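Written below as structure tokens is the structure these notes are about.
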Amino acid sequence: MIPGFYIHIMVYVLVNVMLIAINLSTDPGYWWFLFPLGGWGIGVLIHGIAILAQGNFGSEWEERKIKEYMEKDKKNG
């Protein structure tokens, strides 16, 4: 899932650099590239938050917490 996020960011940057170049070379007075940049940026942000939340609160997190509590119980007797 994380490699997919990195690919998403890479494509986002490359496509938006291209859109900025097209916009500034054809109509530098109107910055229409901000609309796809912002809209797609929101999508990238949501994707990043989903990755972060899954990493922190997914099944691996649950297993880590269970092991942590079990170790704590062993130490306390």
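Computed from a predicted model, the values in this text were never measured in an experiment.
Both Ile51 and Ile7 belong to a common hydrophobic cluster when Ile, Leu, Val, Met, Phe, Trp and Tyr are linked at side-chain heavy-atom distances under 4.5 angstrom. Cluster membership check: Ile9 does not share its hydrophobic cluster with Leu14, using side-chain heavy-atom separations under 4.5 Å among Ile, Leu, Val, Met, Phe, Trp and Tyr. Cluster membership for Val11 and Phe35, using ILVMFWY side-chain heavy atoms within less than 4.5 angstrom, is shared. Cluster annotation: Leu34 and Tyr30 are assigned to the same hydrophobic cluster (Ile/Leu/Val/Met/Phe/Trp/Tyr, side-chain heavy-atom contacts under 4.5 Å, transitive). Both Ile2 and Val13 belong to a single network of hydrophobic side chains, linked directly or stepwise wherever heavy atoms of I, L, V, M, F, W or Y lie under 4.5 Å apart.
Panel note: side chain Asn23, backbone Asp27; a donor-acceptor pair is recorded below 3.5 Å.
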Under 3.5 Å, side-chain donor or acceptor atoms of residues 69-77 against the rest of the protein: list the pairs with distances, not counting sequence neighbours.
from	atom 1	to	atom 2	distance (Å)
Asn76	ND2	Lys72	O	3.3

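By the side-chain hydrogen bond (donor to acceptor under 3.5 Å, both in side chains) test, His8 pairs with Trp40, His47, sequence neighbours left out. The ring pair (Phe, Tyr, Trp, His ring centres under 6.0 Å) check on Trp31 picks up Phe33, with sequence neighbours excluded.
Of all heavy-atom pairs spanning Leu19 and Pro36, the tightest one is CD1-CG, 3.9 Å. The shortest non-hydrogen separation linking Tyr12 to Leu37 is OH-O, 2.9 Å.
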Checklist entry - Can Trp32 and Ile22 be said to form a side chain to side chain contact (heavy atoms under 4.5 Å, CB included), step by step? => result CA-CA 10 Å; Trp32 55 260; Ile22 291 170; 4.1 Å; yes
